[in-house]
J.: 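Below: one structure in structure tokens.
Just follow the structure's listing: the first ligand is 1, and inside any ligand the first atom is 1.
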Amino acid sequence: MWTPKLEHFHGPRYIAIADAIAESIAQGDLNDGDRLPTHRALADTLGVTVGTITRAYAEAERRGLVTARVGRGSFVTTPHAQGQRFMIQGEIEPDCVDLQLNLPIAHDRADALSQSMQELASDTVKMNRILGYQPDIGMPEHREAAAEWLGLTGLRTSADKLMITGGGQNAIMLTLMALTRSGDIILSEAITYPGFMAVTHQLGLRPQPVAMDEEGVIPSAFEDACKQFSPRVLYCTPSLQNPTNAIMSEARREAVAEIARRYHVWIIEDSVNANLLENAPPPLAEIAPDKVIYINSASKTLAAGIRVGWVVAPDEIHSQISNALRASQWMTSPLIAEICTRWIKSGLANQLLEEQKRELILRNQLMTEYLGAFNCRINPYSLHAWLELPEPWRSREFIQQAQRRNVKVIGEDNFIVAQYRAPQAIRLSSSSAWSQNHLERGLKILAELLHQEPEPSLSVF
Ligand SMILES: Cc1ncc(COP(=O)(O)O)c(C=O)c1O
């Protein structure tokens with residue numbers, strides 16, 4: 001009978017068992033079609049409850065490593081045998097550590113969703129209400145709950161200022177649709193979230209980079225860009241910037257807000273990571289509520305598939321954004337907003353957020369252990385780290401060589417605005433590793449690689 005040795009795996013037992021399944025597949029000890037021990041047998045052998053084995057097999061199934069067949073048991077299904085099944089993380093490769101995407105850490109949330117759906121299913125009055133058209137900006141009770149939830153990031157707002165969108169990405173799109181016209185110049189941090197650039201491309205905008213440091217946008221560079229381009233909008237992420245982890249201090253936020261006022265520039269404050277940060281400075285939207293459009297979403301804290309985001313906008317442009325919302329989708333699905341509201345009101349959202357933070361602290365400790373000696377920006381609450389590569393490494397070579405060792409990361413070229421000359425760097429998303437063990441395996445390989453010289457390229461003659 002397959003019996004995992006769990007001593008060298010950290011974290012909850014069910015995760016350790018799922019990790020052990022992945023390791024056994026990678027080492028060839030488990031093969032496609034192998035039958036795993038019954039829940040009862042493995043529970044007895046390992047001295048854990050049957051429930052733990054059920055969760056472990058469910059976790060392995062989520063990773064695409066196991067298939068449960070009713071009445072017959074659980075069988076190993078290697079992804080290669082399944083044939084290129086695609087998940088958001090990419091192809092499932094049990095022997096590969098994929099650190100490419102910023103995701104909320106994939107704890108098992110199926111029970112939470114199932115419970116809220118069951119509660120909703122027994123509330124026919126509510127179900128009939130949410131099946132109808134709603135105000136474009138969202139149902140009042142959904143907006144009230146969201147306004148309260150955003151208070152976690154230091155934002156004091158009310159339901160009438162807030163709109164419900166289909167996620168943060170949708171919120172950026174709607175805001176830029178409302179504020180800009182094709183051909184407009186738009187400013188952003190020089191190294192920024194690629195989804196923002198996708199929107200600028202789609203809307204025919206011309207993004208211009210503003211130089212940044214470990215506090216994000218540099219005020220003098222912002223002012224120079226205002227003088228040179230007379231832009232209408234600055235997009236920035238003041239708390240846990242993606243990808244550099246920059247955090248704007250309060251003084252920096254005040255300086256940036258003051259320049260925006262002086263040059264009549266709207267600021268889009270992307271706060272999708274702000275809920276994770278402890279003791280964050282006040283949001284820009286608190287410092288300059290008349291100039292800032294604040295964006296947040298459920299993706300990085302609750303679940304990316306929830307697809308709920310929020311925009312809080314000054315009165316002057318509120319209706320322009322809600323017009324964009326109505327023109328493009330009439331309203332965000334009230335069904336999913338209702339689920340999200342139930343999670344907020346029941347305290348579950350808070351519990352999930354705290355779980356996420358605890359796990360991030362441990363993952364970022366591993367980051368520090370393995371990469372702390374390098375020029376790597378790590379924050380205990382961040383979903384990712386930003387590593388500037390030591391000479392003579394180029395990011396393209398580093399990524400290739402890491403991939404040959406089965407670790408996937410992405411380089412600075414994904415994040416550069418226009419022709420900005422960024423340092424050679426990679427982003428490592430600890431949040432997309434399946435577990436701490438899995439992450440540690442990848443970090444060990446990356447740290448070893450960093451201590452070596454790049455292998456000479458044989459592909460160029
Ligand atoms: C900075 C930033 N803003 C917005 C988003 C989009 O989030 P959502 O999934 O809510 O659309 C992301 C997702 O990675 C992000 O990193």
Side-chain angles (χ1 to χ4, degrees), residues 88-90 98-106 109 138 146 149-150 153 162-177 186 188-200 202 207 212 216-217 233-248 267-277 280 283-285 292-312 325 328-329 332-333 336-337 339-340 343 349 352-353 356 360 377 379 381-386 410 412 414-417 427-432:
I88 185 73
Q89 287 92 334
D98 188 340
L99 306 178
Q100 293 181 105
L101 290 177
N102 271 4
L103 310 164
I105 291 169
R109 278 148 204 203
W149 171 247
L150 296 179
T153 66
L162 187 144
M163 293 165 239
I164 302 196
T165 68
Q169 183 68 26
N170 181 227
I172 297 170
M173 179 65 145
L174 296 173
T175 307
L176 287 178
M177 278 166 68
I186 172 158
S188 75
E189 290 127 341
I191 306 175
T192 193
Y193 164 55
F196 158 75
M197 287 186 280
V199 175
T200 61
Q202 197 61 31
M212 57 193 296
V217 166
V233 181
L234 165 74
Y235 164 85
C236 61
T237 306
S239 296
L240 290 178
Q241 204 252 358
N242 179 9
T244 66
N245 272 340
I247 299 176
M248 272 191 196
I267 299 180
I268 300 177
E269 175 177 27
D270 184 337
S271 301
V272 297
N273 294 325
N275 305 51
L276 297 166
L277 192 59
L284 274 166
V292 177
I293 299 101
Y294 172 100
I295 286 175
N296 200 319
S297 87
S299 292
K300 308 299 169 181
T301 43
L302 308 182
I306 289 274
R307 301 315 305 147
V308 166
W310 305 285
V311 175
V312 177
L325 202 162
S328 58
Q329 62 207 41
T332 299
S333 162
I336 199 67
I339 299 286
C340 188
W343 285 20
L352 294 175
L353 173 61
Q356 173 108 237
L360 281 172
R377 286 214 206 121
N379 181 289
Y381 299 104
S382 183
L383 300 167
H384 61 270
W386 180 247
I410 54 177
E412 82 291 335
N414 293 278
F415 302 98
I416 292 174
V417 177
R427 188 188 74 178
L428 309 102
S429 296
S430 69
S431 50
S432 71

J.: Does ligand 1 have a heavy atom under 4.0 Å from the side chain of Val272, from its backbone, from both, or from neither?
T.: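 Only the side chain of Val272 comes within reach of ligand 1.
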J.: What atoms of ligand 1 come within less than 4.0 Å of a heavy atom belonging to Gly167?
T.: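 Listed by number with element: 10 (O), 11 (O).
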J.: Atom CG in Leu383, atom OG in Ser299: separation rounded to 0.5 Å?
T.: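 The distance works out to 10.5 Å.
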J.: Does ligand 1 have an atom that lies less than 4.0 angstrom from a heavy atom of Arg307?
T.: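 It does, in that a heavy atom of Arg307 comes within the 4.0 Å cut-off of ligand 1.
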J.: Would you mind checking which non-hydrogen protein atom is closest to atom 6 (C) of ligand 1, with the distance to 0.1 Å?
T.: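 Protein heavy atom at minimum distance: Tyr193 OH, 3.2 Å.
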J.: Do you see a donor-acceptor pair shorter than 3.5 Å between the side chains of Ser382 and Asn245?
T.: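 Yes.
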J.: Within the supplied structure, the quantity of interest is the number of heavy atoms (other residues, nucleotides, ligands) at a distance under 6.0 Å from Gln202 CD; does it exceed 12?
T.: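 Atom CD in Gln202 is not packed in, count stays at 12 or less.
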J.: Would one find an N or O of Asp270, backbone or side chain, under 3.5 Å from an N or O of ligand 1?
T.: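 Checking ligand 1 against Asp270, an N or O pair does fall under 3.5 Å apart.
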J.: May I ask you to check whether Ile172 has an N/O atom sitting below 3.5 Å from an N/O atom of ligand 1?
T.: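 No; the residue has no nitrogen or oxygen that sits under 3.5 Å from a nitrogen or oxygen of the ligand.
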J.: Below the 3.5 angstrom mark, is there an N/O of Ser297, backbone or side chain, next to an N/O of ligand 1?
T.: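 Between Ser297 and ligand 1, an N or O pair is found under 3.5 Å apart.
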J.: Give a yes or no on whether the backbone of Trp386 and the side-chain of Arg377 come within a donor-acceptor separation of less than 3.5 Å.
T.: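 Looks like no, no N/O pair under 3.5 Å.
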J.: Taking atom types as modelled, find out whether Ser271 and Asn296 have a side-chain donor-acceptor pair closer than 3.5 angstrom.
T.: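 No - no donor-acceptor pair under 3.5 Å links their side chains.
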J.: I need the atoms of ligand 1 closer than 4.0 Å to a non-hydrogen atom of Ser299, numbered in the order shown.
T.: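 By the 4.0 Å cutoff, the relevant atoms are 8 (P), 9 (O), 10 (O).
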J.: Looking only at N/O atoms, are Lys300 and ligand 1 under 3.5 Å apart anywhere?
T.: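 So ligand 1 has an N or O lying under 3.5 Å from an N or O of Lys300.
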J.: Can you report which non-hydrogen protein atom sits closest to atom 16 (O) of ligand 1, along with the distance?
T.: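 Result: Asn242 ND2, 2.8 Å.
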J.: Whether the Arg427 and Asn242 side chains hold a donor-acceptor pair (N or O, under 3.5 Å, no angle test) is what I'd like checked.
T.: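 Short answer, yes.
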J.: Just by modelled atom types, is the Leu240 backbone N or O under 3.5 Å from a matching donor or acceptor in the Asn273 side chain?
T.: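 Yes.
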J.: Quick one: which of Thr165, Asp270, Ile293 gives a side chain to side chain contact (heavy atoms under 4.5 Å, CB included) with Ile172?
T.: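 For Ile172, the side chain to side chain contact (heavy atoms under 4.5 Å, CB included) test succeeds with only one of Thr165, Asp270, Ile293, which is Asp270.
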J.: Does Asn170 reach ligand 1 with a nitrogen or oxygen that is under 3.5 Å from one of the ligand's nitrogen or oxygen atoms?
T.: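 No, Asn170 has no N/O under 3.5 Å of an N/O on ligand 1.
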